[in-house]
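Notes follow once the structure below has been shown.
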Amino acid sequence: MSEIHENNKPMNRKHPFLKTPKGYVLIILLVLTGVASFGPLSFQGIGNIVIAVSTAGVLDFGLMVMLKRKRRVPDGALLTGLIIALVLSPASSWLITAAAAVIAIISKHVLRIKKKPIFNPAAVGLLAVLLLFSSGHEWWGGLSALPGWTLVFLVVGGYLVVNKVNKFPLIFGFLGTYFALFTGISFYHALDVNDIFRIPFINAVLFLSFFMLSDPPTSPGKYREQILFGIVAAVSSVAVNVWIGGLSFLLAGLLAANLGYSLYRVRTR
């Protein structure tokens, strides 16, 4: 997740990091990482976490200094790096992992409107390396390599995160539209989309919903806007899946919603 500050004030002793939304998300993701580590290639996945998190953190702090922005602990960048590593295949080259982190952090500092990033940084980095290097996306942080019953850990962790950042309308809008559209397509036998309702696609869509779609700086806070944001992300994802295919449809849908929300902010505020 990206920056989450109240009134842009620095944290004080009454608001320790682990009690903030970012700290809360970090705890949940680390628990999921621990569960996911029982899957295959987890050792390589842990190595990629170190690479992505360290690359993102160092680069984010360096850009804050270079651009003369207020310096703070790059906790948002650390979460971005962690999410990138949990989505990429654990077998991904360390160069691809580092490249995804670099692209993500640069996008956060360069692609901005009203001092906020336009796009979810992790989604930008992941989509970029997918298109440039055909990198594998396994969403192993969503427990895709483990038995189906382990989804309970993902759902419980996701519920806690969404409750903390108050994004239930967004999640319901997205998941409701997403599954309704694919159900309609399946019902009319227009395309074979049965895999969408199975592992690992279920894991991917839930992980994206809970930990990327709900990112406060790149998604709306008002309930009505949240619902519209979720619908746009779902329709865009399904459209990309149906007309283009490939593994990019969830990330493309998220970025389309990010762009739409940013343009809306420019027009209305």
Side-chain angles (χ1 to χ4, degrees), residues 1-6 11 15-39 42 45-54 56-57 60 73-88 90 97 100-101 104 108 120-123 125-126 137-172 174-175 199-219 221 226 230 233 250-251 254:
M1 274 195 178
S2 304
E3 315 296 343
I4 307 174
H5 282 269
E6 295 181 3
M11 299 298 174
H15 298 89
F17 171 68
L18 293 180
K19 292 185 179 181
T20 65
K22 281 187 291 187
Y24 202 75
V25 174
L26 178 62
I27 293 172
I28 300 298
L29 283 176
L30 289 177
V31 171
L32 287 176
T33 300
V35 176
S37 67
F38 288 95
S42 59
I46 299 300
N48 280 341
I49 287 176
V50 174
I51 292 167
V53 168
S54 58
D60 190 50
V73 176
D75 41 18
L78 302 183
L79 284 172
T80 294
L82 180 56
I83 290 171
I84 286 172
L86 291 176
V87 172
L88 285 173
T97 303
K108 187 182 87 166
N120 179 284
L126 288 165
H137 289 180
E138 291 191 9
W139 301 84
W140 69 286
L143 314 182
S144 60
L146 297 179
W149 65 266
T150 60
L151 273 173
V152 67
F153 293 104
L154 179 60
V155 172
V156 170
Y159 169 84
L160 294 173
V161 168
V162 174
N163 183 60
K164 184 72 172 181
V165 297
N166 195 22
K167 298 286 184 176
F168 281 113
L170 189 158
I171 301 304
F172 290 144
F174 174 73
L175 292 178
I199 294 172
F201 290 98
I202 288 290
N203 306 70
V205 72
L206 291 177
F207 188 92
L208 177 126
S209 301
F210 297 145
F211 300 105
M212 300 174 72
L213 201 71
S214 63
D215 178 32
T218 55
S219 65
Q226 285 189 38
L250 287 172
L251 298 172
L254 169 56

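Just so you know, these numbers come straight off a predicted model, no measurement behind them.
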How close do Val53 and Gly81 get, heavy atom to heavy atom, and via which atoms?
CG2-C, 4.0 Å
Heavy-atom pair of closest approach, residues His137 and Leu251
CE1-CD1, 3.6 Å
Roughly how far, to the nearest 0.5 Å, is the CG atom of Asn48 from the CD1 atom of Ile84?
11.0 Å
Can you measure from CD1 (Ile202) to CG (Leu154) and round to the nearest 0.5 angstrom?
10.5 Å
List the atom of Ala52, the atom of Ala101, and the distance in Å for their closest heavy-atom pair.
O-CB, 3.8 Å
Let me see the working for Thr150 and Phe38 under side chain to side chain contact (heavy atoms under 4.5 Å, CB included), right down to the final yes or no.
CA-CA 11 Å; Thr150 60; Phe38 288 95; over 6 Å; no
Heavy-atom distance under 4.5 Å between the side chains of Leu79 and Phe211, does that happen here?
no
Within this structure, what is the CD1-OG distance for the pair Ile49 and Ser54, rounded to the nearest 0.5 Å?
11.5 Å
Over 60° means perpendicular and under 30° means parallel, so classify the ring planes of Phe207 and Trp139, tilted if in between.
perpendicular
Ignoring hydrogens, what is the shortest heavy-atom contact between Ala36 and Leu146? Give both atom names and the distance.
CA-CD1, 4.0 Å
So, do Val31 and Phe153 sit near enough that their side-chain heavy atoms are less than 4.5 Å apart?
no
Gap separating the CD1 atom of Ile171 from the CG atom of Asn163, nearest 0.5 angstrom
12.0 Å
In Å, rounded to the nearest 0.5 Å, how long is the span from OG of Ser144 to CG of Leu86?
10.5 Å
Before giving the answer on side chain to side chain contact (heavy atoms under 4.5 Å, CB included), spell out for Phe174 and Val205 the whole-Å C-alpha distance, their side-chain angles and the decisive distance to 0.1 Å.
CA-CA 10 Å; Phe174 174 73; Val205 72; 3.6 Å; yes
What I'd like to find out is whether the side chain of Leu30 reaches to under 4.5 Å of the side chain of Leu26, using heavy atoms alone.
yes
If you define the side chain from C-beta out and look only at heavy atoms, does anything of Leu82 sit under 4.5 Å from Thr33?
yes
Looking at side-chain heavy atoms only, is the closest gap between Glu138 and Leu88 below 4.5 Å?
no
Does any non-hydrogen side-chain atom of Leu206 lie less than 4.5 Å from one of Leu151?
yes
Within this structure, what is the CE-CD1 distance for the pair Met212 and Ile83, rounded to the nearest 0.5 Å?
6.0 Å
Testing the basics here: between Ala104 and Pro121, what is the closest heavy-atom pair and its distance to 0.1 Å?
CB-O, 3.0 Å
Grab the two heavy atoms, one from Leu170 and one from Gln226, that are nearest each other, plus how far apart they are.
N-OE1, 3.2 Å
Of Thr218, Asn120, Asp60, which is the lone residue that meets side-chain hydrogen bond (donor to acceptor under 3.5 Å, both in side chains) with Lys108?
Asp60
For Phe168, does the CZ atom sit with more than 12 other heavy atoms under 6.0 Å from it, leaving out its own atoms?
yes
Please identify which of these residues, Leu175, Val161, Leu254, Val162, meets the side-chain contact (heavy atoms from CB on, under 4.5 Å) condition with Ser209.
Leu175
